[in-house]
Amino acid sequence: MKSDHSKRGIQTQAIHAGEEPDPVTGASVPNLVMSSTFVVDQEISFSANNLSDESPFVYTRWSNPTTQQLEEKLAVLEQAEACVVFASGMAATASVLLNHLSKGDHLIISNTNYPGTAEFARDTLTRFGIEVTPVDSSEIDNIGNAVQDNTRMIWIETPSNPLLRITDIKATAAIARKQNALLVVDSTFATPIATRPLQFGADLVVHSLTKYIGGHGDAMGGSVCGKQLLIGPLRGEALVHYGGVISPFNAWLILRGMATLPIRMRCHAENALALAGFLEGHSSVEKVFYPGLKSHPQHDLASAQMDNFSGMVAFRCSKPKPTAERMMQKLEVIHYAVSLGHHRSLVYLMQTRDLIDSSYRLEGRELDKYRDSAGEGIFRLSVGIEDASDLIADLERVL
Ligand SMILES: *Cc1c(COP(=O)(O)O)cnc(C)c1O
């Protein structure tokens, strides 16, 4: 009998959920099962269409014992019925979009978000005859106004890349429900420590496990949590047939990283608040965006749906390019690199021209609004769990 950790505290869940001592060896730590195939002692259908929860392990592209432990832990933390893990956040994202949308369907999506998601929606989905309407979802009326008869899915990212705009999950869920559309939340920036979107009425929660959940910058992965009714087809069609399956080794690393997620998030948020305060007071910084700051225009909404403001800070300097040059040469602790959510601090200049031309393609008022916030470019700072004083000293060297 597996222990039920669903009622326990989140620190206990992060460590124990999905993990049981090995019944054969007594090993306390999860086994790393690198086998691609499994010896079976009964006739198993060769079609993934006949997969069920009771099916034994057959082939690792269908399911794997180590990966399954990670799925169970994620489901408990997200308070979800089920979870399926993929090779990357983008494999999870593409799988949800392709599995649940068909020709003639309409998708409403945040107009600034993870660039890979933005480009997949605008370029790939439209190629398959799916209509896509990007809106600034942080203004809830924009979502309601974009609904059409054929709207089948609303996809939001909150807090969003790179401006840390917040979208009201509960209000969006009400719109989705009325239209009988699915609400999908990319909750990578929030993590289940800050927000559990299913509680607010979302249907599916997507994570890039590469970021906070793995937390150490050494393994890529993605996950989708929700009702078994929605996760089952995702495993059967998307995981098995699109094939974006995670290596059990990476699943094992992420499982290990996740054990400290609650305490890491506490430190990420504490450090981020300290750095955001330092940046707000610095003469060469023009604007700072952090949901935990009172100056964030959506601080109240963030407080209502986030138990932790996470570690992502965005800021704008008067001369971004020379500042980025200095960062590349002079930072001693913070790495000038893309990605986020690692124990190590990372910073990167997100150039406006680049993002607008390639990913977001904003026009008119939406373009003005973006430029008004980001100027020529905005620094995305993923605040790590080093000593805040060392991070501040590092930033002082380059600002
Ligand atoms: C990184 C990221 C992704 C993509 O995840 P990968 O693991 O890099 O494929 C999707 N959404 C958000 C918000 C991300 O930060």
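Between Phe249 and Trp252, the two ring planes are parallel [angle under 30°; tilted spans 30° to 60°].
At distances below 3.5 Å, at least one donor-acceptor pair connects side-chain atoms of Asp394 with backbone N or O atoms of Ile334. Counting only distance, with no hydrogens or angles, the side chain of Asp168 and the backbone of Leu301 share no donor-acceptor pair below 3.5 Å. Checking side-chain atoms of Lys73 against main-chain N and O of Ala17 turns up a donor-acceptor pair under 3.5 Å.
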Do any side-chain atoms of residues 259-270 form donor-acceptor pairs under 3.5 angstrom with protein atoms, and if so which ones, sequence neighbours left out?
{"unit_1": "Thr260", "atom_1": "OG1", "unit_2": "Gly257", "atom_2": "O", "d": "3.1"}
{"unit_1": "Thr260", "atom_1": "OG1", "unit_2": "Arg264", "atom_2": "NE", "d": "3.0"}
{"unit_1": "Arg264", "atom_1": "NH1", "unit_2": "Tyr212", "atom_2": "O", "d": "2.8"}
{"unit_1": "Arg264", "atom_1": "NH2", "unit_2": "Tyr212", "atom_2": "O", "d": "3.2"}
{"unit_1": "Arg264", "atom_1": "NH2", "unit_2": "Ile213", "atom_2": "O", "d": "3.3"}
{"unit_1": "Arg264", "atom_1": "NH2", "unit_2": "Gly257", "atom_2": "O", "d": "2.8"}
{"unit_1": "Arg266", "atom_1": "NH2", "unit_2": "Gln11", "atom_2": "OE1", "d": "2.3"}
{"unit_1": "His268", "atom_1": "ND1", "unit_2": "Val383", "atom_2": "O", "d": "2.7"}

Going by atom type alone, with no hydrogens or angles, which donor-acceptor pairs under 3.5 Å involve a side-chain atom of residues 214-232 and a protein atom two or more places apart or on another chain?
{"unit_1": "His216", "atom_1": "ND1", "unit_2": "Gly214", "atom_2": "O", "d": "2.9"}

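Cluster membership check: Val338 shares its hydrophobic cluster with Phe379, using side-chain heavy-atom separations under 4.5 Å among Ile, Leu, Val, Met, Phe, Trp and Tyr. Using a 4.5 Å cut-off between side-chain heavy atoms of Ile, Leu, Val, Met, Phe, Trp and Tyr, with links allowed through other members, Val85 and Leu253 fall into different hydrophobic clusters.
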Exercise. Carefully, step by step, assess Phe315 and Phe289 under the rule side chain to side chain contact (heavy atoms under 4.5 Å, CB included).
Key: CA-CA 6 Å; Phe315 64 96; Phe289 301 84; over 6 Å; no

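The residues Glu332 and Arg397 are annotated as salt-bridged, a charged nitrogen and a carboxylate oxygen being separated by less than 4.0 angstrom. Residues Glu139 and Lys369 are paired through a salt bridge, judged by an N-O separation under 4.0 Å between the basic side chain and the carboxylate.
For the residue pair Asp22 and Thr25, a side-chain donor N or O sits within less than 3.5 Å of a side-chain acceptor on the partner.
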